[in-house]
Amino acid sequence: MGERRSVRLADGSRIQLDADSHLQVRSHLRSRRMVLVSGRARFDVAPSRWRRFQVDAGPVQVRNYGTVFDVDRRGDRSEVRLWRGKVGVRVAGRDGEQHLQPGQQLLAGTGPVQLPQPIATGSGEWTQGRLQFAQTPLGEVVRSLQRYHHGAIVLDEPGLATLQVSGVFDGDHAATVLALLPEILPVAFHPHRDGSVHISARH
């Protein structure tokens, strides 16, 4: 696993990458194109009238119109959060573009078309290493923590993924967060020598 890092482009745009994230930068004369191969990033884009800034995340394209936004890629679906300015979100094979307003988030990609929703409280704090969850399924919590944990995090039973977690945690100390789960959920925590962690139902 890597660490969060910040990259400044030649045009003055700034990108903050979460741990375990992979971004490709493709700068051309008339466009600035980013390919988010995996993970999560925040884009603080320097405005340009003649060089479009676009982020590709699988089938999802996010077109920037001078703004600050997050893209969190989850395979063929990505969550886009708009903090300032304006973005348009397109999905390959579908007509039209959905525009977000500041304070809105959208889950886009394969599957049913979603409507924009208000950004969940604390969603932007990952840039400081804080992970905030409010009635979040354990499966989603594990996905977030996996970025910061060197070994695999395994839920031994599928039903555990629906357990709900609330609280603010330190992503930089994922192993400690995992060890605390038995205090808030009916689960048991099993670290293994290979660095993996298994979570099972507590009986």
Side-chain angles (χ1 to χ4, degrees), residues 1-5 7 15-26 33-43 53-64 69-83 87-100 104-120 122-127 129 131-165 169 171 174 177-178 181 195-199:
M1 300 296 113
E3 297 180 347
R4 294 183 310 279
R5 58 197 186 279
V7 178
I15 302 171
Q16 290 178 270
L17 284 171
D18 203 353
D20 198 30
S21 298
H22 181 198
L23 181 76
Q24 298 174 351
V25 178
R26 301 173 182 175
R33 184 181 173 199
M34 313 292 126
V35 179
L36 185 61
V37 179
S38 62
R40 174 166 54 185
R42 174 167 296 176
F43 302 89
F53 191 101
Q54 177 173 307
V55 178
D56 294 346
V60 178
Q61 294 180 347
V62 184
R63 298 188 179 188
N64 160 79
F69 61 98
D70 292 356
V71 180
D72 184 355
R73 182 168 181 182
R74 308 172 185 181
D76 288 336
R77 293 175 72 77
S78 292
E79 192 155 49
V80 182
R81 297 186 178 97
L82 178 61
W83 303 104
V87 295
V89 180
R90 291 179 178 268
V91 178
R94 295 180 182 168
D95 294 330
E97 181 176 88
Q98 286 183 277
H99 289 175
L100 298 186
Q104 289 186 327
Q105 63 184 32
L106 175 68
L107 184 62
T110 57
V113 176
Q114 304 285 327
L115 294 175
Q117 302 292 328
I119 291 178
S123 296
E125 296 186 357
W126 65 267
T127 56
L131 303 177
Q132 183 165 332
F133 304 110
Q135 299 295 306
T136 304
L138 180 58
E140 178 68 16
V141 172
V142 166
R143 187 191 70 84
S144 296
L145 289 173
Q146 185 65 75
R147 289 191 175 111
Y148 305 91
H149 194 264
H150 291 279
I153 306 173
V154 181
L155 295 178
D156 287 341
E157 301 162 45
L160 296 176
T162 61
L163 294 175
Q164 295 186 335
V165 178
F169 304 97
V177 176
L178 291 167
L181 287 178
S196 66
V197 169
H198 286 246
I199 299 172

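Treat the numbers as computed from the prediction; the structure is a model and nothing was measured. Sequential numbering from 1 along the given sequence is applied to the chain's residues. As a basis for the values below, the full set of heavy atoms in this structure was taken, side chains included, without hydrogen atoms, waters or symmetry mates.
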Quick check: do E97 and R63 have side-chain heavy atoms less than 4.5 Å from each other? yes
Donor-acceptor under 3.5 Å (S144 side chain, V142 main chain): no
side-chain contact (heavy atoms from CB on, under 4.5 Å) between N64 and Q54, intermediate numbers included: CA-CA 6 Å; N64 160 79; Q54 177 173 307; over 6 Å; no
My understanding is that only residues two or more places apart in sequence, or in another chain, count here; which of them pass salt bridge (charged side-chain N to carboxylate O under 4.0 Å, His left out) with D18? R40, R147
Where does the angle between the aromatic ring planes of F169 and F133 fall among parallel (under 30°), tilted (30 to 60°) and perpendicular (over 60°)? tilted
Minimum-distance pair of heavy atoms, taken over all atoms of A41 and I15: CB-CG2, 4.2 Å
Picking from V35, V71, V89, what satisfies side chain to side chain contact (heavy atoms under 4.5 Å, CB included) with V55? V71
Which of these, R42, Q105, Q16, sits in a side-chain hydrogen bond (donor to acceptor under 3.5 Å, both in side chains) with D70? R42
Could you walk me through whether H149 and V197 pass the side-chain contact (heavy atoms from CB on, under 4.5 Å) test, one step at a time? CA-CA 9 Å; H149 194 264; V197 169; 3.7 Å; yes
Within this structure, what is the CG-CG distance for the pair L178 and L145, rounded to the nearest 0.5 Å? 5.0 Å
Nearest non-hydrogen partners of L36 and G39, listed with the distance: CD2-O, 3.5 Å
Measure the shortest side-chain to side-chain distance between L100 and V80 over non-hydrogen atoms and say whether it is less than 4.5 angstrom. yes
Once rounded to the nearest 0.5 Å, what's the spacing between atom CG of L115 and atom CG of L106? 8.5 Å
Not counting sequence neighbours, which residues clear ring pair (Phe, Tyr, Trp, His ring centres under 6.0 Å) with H198? List them please. H192
Can you name the nearest heavy-atom pair linking Q98 to Q114, along with the distance? NE2-O, 3.2 Å
With sequence neighbours excluded, what pairs up with R74 under the salt bridge (charged side-chain N to carboxylate O under 4.0 Å, His left out) test? D72, E79, E140
Stepwise side-chain contact (heavy atoms from CB on, under 4.5 Å) test for M34 and Q24: CA-CA 6 Å; M34 313 292 126; Q24 298 174 351; over 6 Å; no
